[in-house]
Amino acid sequence: MAEITYIDAINRTLHEEMARDETTFLIGEDTGIYGGVFKATRGLLEEFGPERIIDSPISESLIAGMTVGAAMVGCRPLPEIQFADFISPAFDQIVQQVARYYWRTNGAFEMPVTLRCPYGGGVGGGVYHSQSNEAWFMNTPGLVMVAPGSVRDAAGLLRSAIRSQDPVLYWEHKKLYRSLKDDLPDGDETLTPIGVAEVVRTGSHVTAISFGYTLQLCLEATSQLAAEGIEVEVIDLKTLLPLDKSTVIESVAKTGKAVVVHEAPKVGGIGGEIAAILAEECFWELDAPITRVAGYNTSFPAARTMEEHYMPSTVQVAAALKTAAQT
Amino acid sequence: MAEITYIDAINRTLHEEMARDETTFLIGEDTGIYGGVFKATRGLLEEFGPERIIDSPISESLIAGMTVGAAMVGCRPLPEIQFADFISPAFDQIVQQVARYYWRTNGAFEMPVTLRCPYGGGVGGGVYHSQSNEAWFMNTPGLVMVAPGSVRDAAGLLRSAIRSQDPVLYWEHKKLYRSLKDDLPDGDETLTPIGVAEVVRTGSHVTAISFGYTLQLCLEATSQLAAEGIEVEVIDLKTLLPLDKSTVIESVAKTGKAVVVHEAPKVGGIGGEIAAILAEECFWELDAPITRVAGYNTSFPAARTMEEHYMPSTVQVAAALKTAAQT
Amino acid sequence: MAETQETGFSFPAKYRLTGEMEGCTDEQKLELYERLLKTREFDARMRKLFRQGRFEGTFYSQIGQEACDVVIAYQLDQQDFVGPSHRDLGASTGKGVPLKNLAAQVYNRIDSPDGGRYTACHYWHPEYWVMNPSTSIVMNWVAATGAAFGYKMLKKDNVAVAFCGDGATAHGDFHEACNFAGVHRLPIVYVVQNNLWAESLPVALTTALTDLSRRADAYGFPGISIDGNDVVQTWNATREALKRARSGAGPTLIEMKTYRWHGHSDIDPADYRSDDEVAHWMERDPIPRYEQYLRELEVLSDDALAEVRARIEAEIEEAVDFAENSPRPAPDGYLSHVYAEDYPGFEFGDRNSGDANG
Amino acid sequence: MAETQETGFSFPAKYRLTGEMEGCTDEQKLELYERLLKTREFDARMRKLFRQGRFEGTFYSQIGQEACDVVIAYQLDQQDFVGPSHRDLGASTGKGVPLKNLAAQVYNRIDSPDGGRYTACHYWHPEYWVMNPSTSIVMNWVAATGAAFGYKMLKKDNVAVAFCGDGATAHGDFHEACNFAGVHRLPIVYVVQNNLWAESLPVALTTALTDLSRRADAYGFPGISIDGNDVVQTWNATREALKRARSGAGPTLIEMKTYRWHGHSDIDPADYRSDDEVAHWMERDPIPRYEQYLRELEVLSDDALAEVRARIEAEIEEAVDFAENSPRPAPDGYLSHVYAEDYPGFEFGDRNSGDANG
Ligand SMILES: Cc1ncc(C[n+]2csc(CCOP(=O)(O)OP(=O)(O)O)c2C)c(N)n1
Ligand SMILES: Cc1ncc(C[n+]2csc(CCOP(=O)(O)OP(=O)(O)O)c2C)c(N)n1
Ligand SMILES: [Mg+2]
Ligand SMILES: [Mg+2]
């Protein structure tokens with residue numbers, strides 16, 4: 001079994017799931033002929049043809065919105081937004097139509113839609129190729145959001161999302177596409193459960209809570225701090241909505257300390273919801289302030305010097321964990 | 001000086017500010033000929049004419065987006081979204097263009113845009129005439145959000161917003177339009193400062209933090225609890241973004257207890273950010289879990305029986321405050 | 001019946017309907033008449049009940065525009081997809097949705113297809129493939145386009161029909177959907193009901209065009225403008241468009257010139273328009289014009305009409321009883337069907353820690 | 001110079017430019033030529049520097065499409081508003097923005113109009129009223145429409161010009177902006193550069209139309225399609241449209257058929273298109289065609305050309321030096337201008353409690 005990258009895990013899973021279910025189709029920009037601007041959809045057009053692999057016009061609202069009718073008549077749509085930054089034109093359709101349709105129809109029509117969304121910075125793209133926009137969707141009941149932080153979950157969460165009867169936003173981090181490699185057995189059909197977080201490192205002094213790219217920072221910081229005798233417990237949220245409260249609460253109840261890490265600006269980021277859950281449901285077990293390591297409250301800058309400054313770093317995560325642990 | 005309603009305070013302020021500044025214009029749906037579906041813009045067309053009072057086509061994205069170019073060439077745009085529920089088609093333009101343009105241009109172009117947005121439930125409108133969508137915008141640096149909870153602030157915050165050089169979303173609650181009355185001196189030009197919360201009741205046992213319609217529930221609950229000897233300190237946030245942290249922290253540092261109240265669904269609502277701020281910056285002063293009284297994690301229902309159940313009530317707010325106070 | 005006098009004109013020659021209804025049997029002509037009249041009378045009855053305060057929410061009357069919906073909906077198979085907007089009672093009645101379901105929907109009662117949770121007067125029915133219309137303008141347009149795509153991809157022969165108004169054609173989603181349907185020659189018929197007003201907005205502020213069918217020129221498929229109050233014209237034009245869609249030749253956009261007699265909703269006095277304008281259009285009432293046409297063809301006799309009216313009367317009575325007797329939804333009845341799957345962390349919420357029902 | 005050989009064709013009769021450039025003096029013809037060639041050579045030089053790794057980010061080459069931007073931009077007053085997209089170098093050079101500012105922008109250095117914070121290769125300049133283009137497709141189109149509205153409302157005689165590509169015309173905002181401009185007869189000229197591709201998307205998947213000028217039919221203002229590589233045609237069409245806009249007669253949409261010689265961005269091998277197609281269009285290179293036209297008119301002599309080239313060469317050298325020597329922005333230099341006003345609660349943020357600079 002060969003080592004494959006995060007993006008290859010996505011590509012392979014798309015191939016497998018589309019072969020498995022003939023009602024699936026993929027629609028996005030440059031997803032067919034070009035195989036995706038990141039090559040995540042490479043080979044799909046050749047394998048499944050132009051009826052099921054749609055090179056869409058530049059119409060994000062249509063890409064998201066057309067899935068509702070298509071799903072109603074029996075399709076399993078796999079829309080892709082080229083960059084998370086361009087999900088905003090589709091925001092209306094996602095939040096008002098896709099996410100609420102099952103509720104509106106009192107359960108008559110399910111919405112098995114998986115919308116993939118490459119997000120995140122560190123790729124020199126400037127403000128409209130670097131955003132992490134998951135927080136926009138946190139106040140939307142009916143919507144599911146997952147964000148893989150490992151190669152196995154890139155495959156396992158995508159497979160689960162595609163097979164789910166709920167609409168799922170699948171956040172894939174551009175910086176992990178080729179930097180993350182792991183063994184993935186051929187024909188592996190592992191389904192990473194949606195709605196379940198995982199403790200990926202056990203520790204007793206402080207809990208680091210994150211997902212996607214910033215999860216890697218937590219893991220690096222954890223290794224560094226281990227040398228200093230600080231034991232960090234690391235939680236990979238995997239699913240951002242609905243959050244797996246109990247796993248988070250259980251861990252923080254044990255360590256008494258929590259640091260939430262994400263790349264989006266701090267104010268209004270999803271760290272707020274996690275901190276609020278802990279402050280409400282885990283209050284008596286807390287031994288230190290809940291801190292958030294997050295992006296600055298500004299837009300994402302272009303110049304490399306600035307971009308490096310903007311991106312949260314292992315050093316900063318380690319510092320926050322250490323401060324909490326030593327409180 | 002006569003008692004006027006919340007909506008009349010809005011209407012009067014629009015008249016005054018548009019008379020004061022000839023570069024202002026108002027654009028929205030049914031805002032001219034009809035005077036607004038709630039009559040908030042009554043009389044403006046007659047006073048300022050069709051050059052400055054635009055009855056827009058049903059094009060929310062245009063309504064928000066055109067303000068950028070108009071502001072660049074010297075206008076002070078006053079767009080209106082007919083119902084908060086229909087701000088989602090404009091989300092892209094607001095979040096990506098209006099809010100970031102000043103930053104993008106390194107300060108070359110300010111965006112003095114005030115977008116009014118009637119929000120909230122309790123008016124029998126069902127899921128698309130009842131939403132409270134402020135949380136969607138909390139992760140957007142560059143944007144300002146205000147939400148008046150009194151007749152005076154309906155005028156004072158609108159006046160400040162219109163005169164501000166920043167883009168402001170002005171959230172006006174439909175249920176307050178005619179239910180809230182107060183004296184407003186003629187010719188009063190009070191400017192409610194943006195970015196500043198106010199302690200509207202002082203108390204020592206617990207702090208209630210809210211805005212807009214749910215602020216009224218906090219005030220009612222406070223009066224009820226006073227009879228039981230529970231002294232609630234009530235904070236009217238007034239500005240939702242950027243939040244006035246210090247006023248909130250100061251109060252909770254004193255009472256040790258906080259209850260945040262809003263109408264939007266609890267998960268992902270702005271209560272999360274407020275709780276997170278307290279859990280990070282006011283942790284040592286907290287004597288009880290931070291609780292949130294908010295909407296259910298579902299869409300807003302239509303049938304009156306259901307709507308009444310959905311809307312947060314004074315009883316529930318009082319119960320939460322009492323629980324916290326007695327912890 | 002409520003609006004009988006409104007429909008009681010005798011028609012001057014200029015409004016007379018002429019020509020053939022292609023491929024329409026006498027039975028069909030009669031059944032179509034019954035559905036048109038049923039739509040009119042049901043709408044009138046609901047309006048009356050609303051004004052009597054029999055139900056909450058609001059009411060969007062379609063009176064005056066029935067032919068635009070009913071004539072095309074009547075021609076559809078049950079599996080054909082219909083994407084109505086907020087004023088499309090006829091999309092349901094034309095397709096044969098029982099009035100009792102529609103009445104329960106207007107009343108927000110548990111026997112509504114959405115159990116009373118959604119929004120009054122947003123007529124729909126899952127088994128009849130009339131989608132639950134979004135209040136948010138033209139979302140149904142996009143969804144219907146997606147359904148047409150789905151039918152094509154799944155190689156089903158069904159078609160989709162989408163309805164919107166003149167005002168809705170200014171929305172960006174109208175453009176994205178039509179453009180996509182044009183590129184992929186989707187099996188769909190787009191119906192724009194130009195009733196001259198979008199709430200209080202005159203059509204001249206929605207568009208610089210006089211004929212909204214020209215919107216289609218931007219998408220490379222045919223667009224035509226017709227008198228939507230002329231059942232014969234409407235039948236022939238929609239029949240042609242449906243044929244085109246079924247044959248794989250792609251979309252058609254049909255602008256139907258029509259008029260809503262009453263306010264945008266029943267709380268709208270509609271004082272932005274003149275009495276003359278209203279009178280002008282009431283003279284062009286589609287139903288009596290069609291009635292006269294049928295009489296001239298000797299398809300409709302006084303006896304037949306009496307029977308039709310009796311049947312309609314009875315169904316309406318039954319529907320109103322059904323709605324009035326259908327229980328109001330349980331206060332927390334909307335706390336379900338947020339997600340189709342189970343998630344350990346999901347809760348409907350609490351109003352203070354622990355208390356699940358506030 | 002880098003691309004000289006690319007521009008060195010001698011033109012067969014069929015590509016010869018003919019006809020008058022209305023109201024264009026010989027001096028203007030020559031200056032226009034200089035701006036076209038400057039745009040070409042600057043773009044070519046930047047591409048080369050990008051491939052040499054002299055700057056980060058990416059690069060969008062406009063080579064092949066220069067006439068579509070430069071010819072209209074050249075005719076504008078400084079106060080006229082320009083809304084460019086991501087490939088509109090010529091919108092700036094045509095209007096006279098100094099190359100050194102543009103080079104610093106490409107390099108993301110502090111002397112860029114945005115101080116290096118925004119996005120490389122998104123050419124703009126506040127004093128020249130070339131707006132900072134949104135990466136997000138057609139936002140500039142909407143903004144330019146708003147500017148045109150503003151000029152009209154403020155009773156200024158200025159006009160706005162907006163640029164977009166074939167792919168952008170599928171976006172909902174394209175529709176909302178054009179529709180609004182049509183209703184209000186705004187002083188704006190809309191330029192659609194149809195270069196046959198939207199990244200890898202062939203224009204046939206963007207639209208069912210052959211001429212994108214027909215999009216204008218949906219908005220009630222004129223739309224025309226021209227050879228955007230023919231400077232004479234482009235001059236006359238844009239001059240007419242600008243006149244129309246200034247006279248208060250409203251918008252015009254001009255589709256310019258053109259072609260980008262290189263990839264969508266410089267990391268795109270563009271292997272989705274054939275060498276023949278590229279060759280076909282390189283033969284229609286707008287600049288040598290115009291050069292030959294000027295020579296035939298005896299407006300351009302070898303000496304004049306030599307001078308022009310020398311001036312361009314010098315300005316490019318100066319611009320590159322300027323950019324290369326302009327300091328990289330301070331790491332935290334983007335932590336400003338989020339808000340124009342002060343708010344007690346606003347902080348740029350911290351990476352862990354208290355530490356403002358992470
Ligand atoms: C996105 C959106 N914006 C605004 C509204 C409010 N609204 C409801 S109906 C309507 C007018 C619709 O006019 P038209 O499309 O002509 O249909 P008609 O009511 O005339 O049948 C408006 C503005 C809405 N429902 N959705
Ligand atoms: C809203 C949005 N969606 C997608 C993109 C990604 N994107 C950038 S340029 C482009 C193609 C644009 O094609 P066209 O409009 O023809 O302009 P051209 O590049 O050919 O000059 C796409 C899809 C974007 N920038 N914005
Ligand atoms: Mg209408
Ligand atoms: Mg193109």
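Here the structure is a predicted model, which is why all the values come from computation and not from measurement. For the numbers below, each heavy atom of this structure counts, side chains included, while hydrogens, waters and symmetry mates do not. Every chain is numbered from 1, with letters handed out A, B, ... down the list of sequences.
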Per-residue contact mode, [X] against chain C (heavy atom under 4.5 angstrom):
{"X": "Ser164(A)", "value": "both"}
{"X": "Ile277(A)", "value": "neither"}
{"X": "Gln165(A)", "value": "both"}
{"X": "Thr67(A)", "value": "neither"}
{"X": "Ile194(A)", "value": "both"}
{"X": "Pro141(A)", "value": "both"}
{"X": "Ile63(A)", "value": "neither"}
{"X": "Val144(A)", "value": "both"}

Open item on the list: Holding to side chain to side chain donor-acceptor pair (under 3.5 Å), I want the full list of residues that pass it with Asp166(C), two or more places apart in sequence or in another chain.
Closed with: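 Partners of Asp166(C) under the side chain to side chain donor-acceptor pair (under 3.5 Å) test: none.
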For the interface with chain C, which of [options] has the highest count of heavy-atom pairs at distances below 4.5 Å?
{"options": "Gly195(A), Ser61(A), Gly65(A), Gly74(A)", "answer": "Ser61(A)"}
{"options": "Glu110(A), Gln97(A), Glu51(A), Lys245(A)", "answer": "Gln97(A)"}
{"options": "Val248(A), Leu241(A), Asp92(A), Thr105(A)", "answer": "Thr105(A)"}
{"options": "Asp244(A), Thr247(A), Thr23(A), Ile58(A)", "answer": "Thr23(A)"}

Task: Enclosure of Glu47(A) CD (heavy-atom neighbours >12, cutoff 6.0 Å) - done: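 Atom CD in Glu47(A) is crowded, with more than 12 foreign heavy atoms closer than 6.0 Å.
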Open item on the list: Does Arg185(C) have more than 12 heavy atoms from other residues, nucleotides or ligands lying within 6.0 Å of its CZ?
Closed with: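 Result for CZ/Arg185(C): open.
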Task: Of all pairs that satisfy side-chain hydrogen bond (donor to acceptor under 3.5 Å, both in side chains), the ones with a partner from residues 136-147 of chain C, not counting sequence neighbours - done: Thr145(C)-Tyr190(C)
If you take all heavy atoms of [X] and [Y], which pair is closest and at what distance?
{"X": "Val142(C)", "Y": "Gln93(A)", "result": "CG2-NE2, 3.7 Å"}
{"X": "Met131(C)", "Y": "Tyr101(A)", "result": "CB-OH, 3.4 Å"}
{"X": "Val68(A)", "Y": "Ala143(C)", "result": "CG1-CB, 4.3 Å"}
{"X": "Tyr339(C)", "Y": "Thr140(A)", "result": "OH-O, 4.2 Å"}

Task: Pro133(C), part contacting chain A, at a heavy-atom distance under 4.5 Å - done: backbone
For chain A, the option from [options] that forms the most heavy-atom pairs under 4.5 Å:
{"options": "Met153(C), Lys152(C), Lys156(C)", "answer": "Met153(C)"}
{"options": "Phe346(C), Phe81(C), Tyr343(C)", "answer": "Tyr343(C)"}
{"options": "Glu341(C), Glu347(C), Gln79(C), His337(C)", "answer": "His337(C)"}

Open item on the list: Parallel, tilted or perpendicular, judged at 30° and 60°: which one describes the rings of Phe149(C) and Phe25(A)?
Closed with: tilted
Open item on the list: Are the side chains of Ser134(C) and Arg100(A) in contact, using a 4.5 Å heavy-atom criterion?
Closed with: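 A side-chain contact under 4.5 Å is absent here.
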TODO: Name, in order of residue number, those residues of residues 168-182 of chain C that have a heavy atom at a distance of less than 4.5 Å from a heavy atom in chain A; otherwise write 'none'.
DONE: Asp173(C), Glu176(C), Ala177(C), Asn179(C), Phe180(C)
TODO: Residue by residue, scan residues 111-130 of chain C and write down, ordered by number, those that have a heavy-atom distance under 4.5 Å to chain A; if none do, write 'none'.
DONE: Pro113(C), Asp114(C), Gly115(C), Arg117(C), Tyr118(C), Trp124(C), Pro126(C), Trp129(C)
